[in-house]
S.K.: 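Can you read through this structure? Questions will come right after.
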Amino acid sequence: MLKFTEEHEWLKIEGGVATVGITTHAAEQLGDLVFVELPEVGATFSKGGDASTVESVKAASDVYCPLDGEIVEVNEAIVADPSLVNSDPQGAGWFFKLKLANPADADALMDEAAYKELVG
Amino acid sequence: MDGSSELKKTPLHALNLSLGGRMVPFAGYEMPVQYAAGVMKEHLHTRAAAGLFDVSHMGQVTVRARSGDNADAARALETLVPVDVLGLGEGRQRYALFTNNDGGILDDLMIANRGDHFYVVVNAACKDADFAHMQAAIGDVCELTLHDDRALVALQGPHAESVLAELWADVSSMRFMDVRACDLHDADCIVSRSGYTGEDGFEISIPADLAEAVCRRLLDHPDVLPIGLGARDSLRLEAGLCLYGNDIDTTTTPVEGALEWAIQKVRRTGGDRTGGFPGAEIILDQLENGAERRRVGLKAEGRAPIRGGAVLATDAEGEDVVGTVTSGGFGPNVDGPVAMGYVTKSAATPGTQLYAGVRGKFLPITVATLPFVKNTFKR
């Protein structure tokens, strides 16, 4: 199940665990990323919490936790090479895996068609 | 300046859009922050080949002595800047600062001697205030004209000379800070061998109606990419150059800003034309005795960029605060974070270990000599 947030994150949900990243649209808007800070594995976040920070040449931006949950895995590859987020934002450029506290909450998020409508 | 309808457009606005410029508000203008290539590629391309920047938002002012004697205009300008203008030869340009009575900096600018007048380039955000300041102070002696009828572009990088030489062969005889009139593609241009990237290059003033045609000729060259404000900022930061409003302003003096090199001997204590500019007493004293704080380069040890506003401390707990970062970001050629800021005199020695506050943590950062990349000016 692929879901999207208004903050331009995507979630691929399998068995109660969401792989989370930023959308192609967000990656384009941010420009070339030079630094990514990921959360600790085991950390818990509420929906809207600052789960990660990304920095482009120009500015820093937060990546919000899209739903309540616990971080169970992070993608160290994007720390070593932040440009992965620009080259493959919805694939190899994923950020973290989130064990959802309430998997049913995901139903309220946008599907791909709704997100495409949002970003035009 | 919130509604985009109020934003001004440069003579190259249509060209910027057609080149895929991502437009943002800057100093009251709608300006390209980047083009299709993106900030990183644009930055690296400028240092490897050549980049073309639209800087038409900056103010171009001619200063002409009412007496007809250009030395009168030089003397008038010297009442506003701590710089040797009278000794500036015809066809030469130099960096200057408008100071205020507290020794602070109202703006930084370039002054060129064009033989029968001076040609001054000031920052976009300050240009109306600068013009009013000049008009009030020297308008009785000089006729001042703000040239909104001209575009200004910068062609920067190691291939800038060979690119421009295809339009104008004489360019190769120019040295760093030379200024000449020339005919580019049937346009009356003013070319100076200068810029704000740390690279060799040129700044070209072009009549507004011909600017797009001249720029298209330059962009036709395979070595040239259009470069936006994003890369302009990272290039000047790596080159250790100040951004007015961030690194220098009315609360910083030229000595605090480490800009003593812009104040020639003749205007200093013991010189033939000592003082005579706003804030002279303070600035001359600081030239002799130093200032309590100083602008320094800062190099972080980690990968996290340290941005303007970050607090600098001598300890990892952030308790002993000694300064603030004024601009910072990622340096694509340095391949790491670079910054500059102000620290107290005792912490200003290169190699001093400090800590910068970033998102609640204090990250190690070291005082470094500027620039971060060696400049390649053709002196």
Side-chain angles (χ1 to χ4, degrees), chain A residues 7-8 21-46 48-65 71 74-90 92-93 95-96 119-120, chain B residues 20-24 26 31-47 227-238 243 246 300-310 325 327-339 356-361 363 372:
Chain A
E7 285 76 35
H8 309 286
I22 65 170
T23 65
T24 303
H25 172 79
E28 278 169 8
Q29 290 299 311
L30 289 168
D32 302 309
L33 296 187
V34 296
F35 177 77
V36 177
E37 191 168 68
L38 292 171
E40 304 273 343
V41 171
T44 58
F45 290 93
S46 302
D50 297 344
S52 292
T53 302
V54 293
E55 303 233 12
S56 68
V57 180
K58 277 297 280 177
S61 311
D62 291 318
V63 175
Y64 303 108
C65 199
I71 305 292
V74 295
N75 185 8
E76 294 291 349
I78 63 170
V79 176
D81 180 10
S83 74
L84 265 183
V85 179
N86 294 106
S87 59
D88 192 9
Q90 294 185 208
F95 277 61
F96 50 80
V119 299
Chain B
R22 185 183 294 173
M23 308 304 277
V24 297
F26 182 83
M31 298 297 292
V33 66
Q34 65 166 77
Y35 297 89
V39 177
M40 187 78 87
K41 282 202 183 74
E42 290 172 23
H43 178 116
L44 294 170
H45 184 88
T46 303
R47 293 219 195 284
I227 311 295
L229 292 176
R232 183 171 167 81
D233 190 51
S234 55
L235 287 159
R236 70 92 198 161
L237 180 58
E238 276 188 344
L243 174 62
N246 282 43
E301 284 168 26
R303 298 291 294 176
I306 315 286
R307 308 282 177 184
V325 174
S327 43
F330 185 82
N333 285 88
V334 171
D335 191 27
V338 287
V358 178
R359 294 186 286 273
K361 282 180 256 179
L363 307 177
F372 296 105

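Within every chain, numbering begins at 1; the chains are lettered A, B, ... in the order of the sequence lines, protein sequences first and strands thereafter. Computed from a predicted model, the values in this text were never measured in an experiment.
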S.K.: Under a 4.5 Å cutoff for heavy-atom pairs, which residue among S234(B), G230(B), G38(B), P305(B) has the most contacts with chain A?
M.R.: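 Most heavy-atom pairs under 4.5 Å with chain A: P305(B).
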
S.K.: Is chain A contacted by the side chain of R307(B), its backbone, both, or neither, given a heavy-atom distance below 4.5 Å?
M.R.: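 The side chain, not the backbone.
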
S.K.: How would you list, by chain and number, every residue that makes a side-chain contact (heavy atoms from CB on, under 4.5 Å) with E28(A), sequence neighbours excluded?
M.R.: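 Per chain and number, E28(A) pairs via side-chain contact (heavy atoms from CB on, under 4.5 Å) with T24(A).
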
S.K.: Of the non-hydrogen atoms in Q29(A) and R22(B), which two are nearest, and what is the gap between them?
M.R.: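 Smallest interatomic distance, heavy atoms only, reads O-NH1, 2.9 Å.
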
S.K.: Is there side-chain contact between T53(A) and R359(B), with heavy atoms separated by less than 4.5 Å?
M.R.: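 They are in contact (side-chain heavy atoms under 4.5 Å apart), so the answer is yes.
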
S.K.: Kindly write out the residues that satisfy side-chain contact (heavy atoms from CB on, under 4.5 Å) with I227(B), not counting sequence neighbours, or none if the list is empty.
M.R.: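 For I227(B), the residues satisfying side-chain contact (heavy atoms from CB on, under 4.5 Å) (neighbours in sequence not counted) are E42(B), T46(B), F53(B), L225(B), A231(B).
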
S.K.: With a strict 4.5 Å heavy-atom criterion, list every residue of residues 32-46 of chain A that contacts chain B, or say none.
M.R.: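 At a heavy-atom separation under 4.5 Å, chain B is reached by D32(A), V34(A), F35(A), E37(A).
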
S.K.: Using non-hydrogen atoms only, which part of S56(A) is less than 4.5 Å away from chain B: side chain, backbone, both, or neither?
M.R.: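 Backbone only.
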
S.K.: Of the backbone (N, CA, C, O) and the side chain (C-beta and beyond), which part of A60(A) lies under 4.5 Å from a heavy atom of chain B, both, or neither?
M.R.: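 For A60(A), the contact with chain B is made by backbone and side chain together.
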
S.K.: I'd like to check the salt bridge (Lys or Arg N to Asp or Glu O under 4.0 Å) partners of E238(B); sequence neighbours left out, ordered by chain and number.
M.R.: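 Per chain and number, E238(B) pairs via salt bridge (Lys or Arg N to Asp or Glu O under 4.0 Å) with R47(B).
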
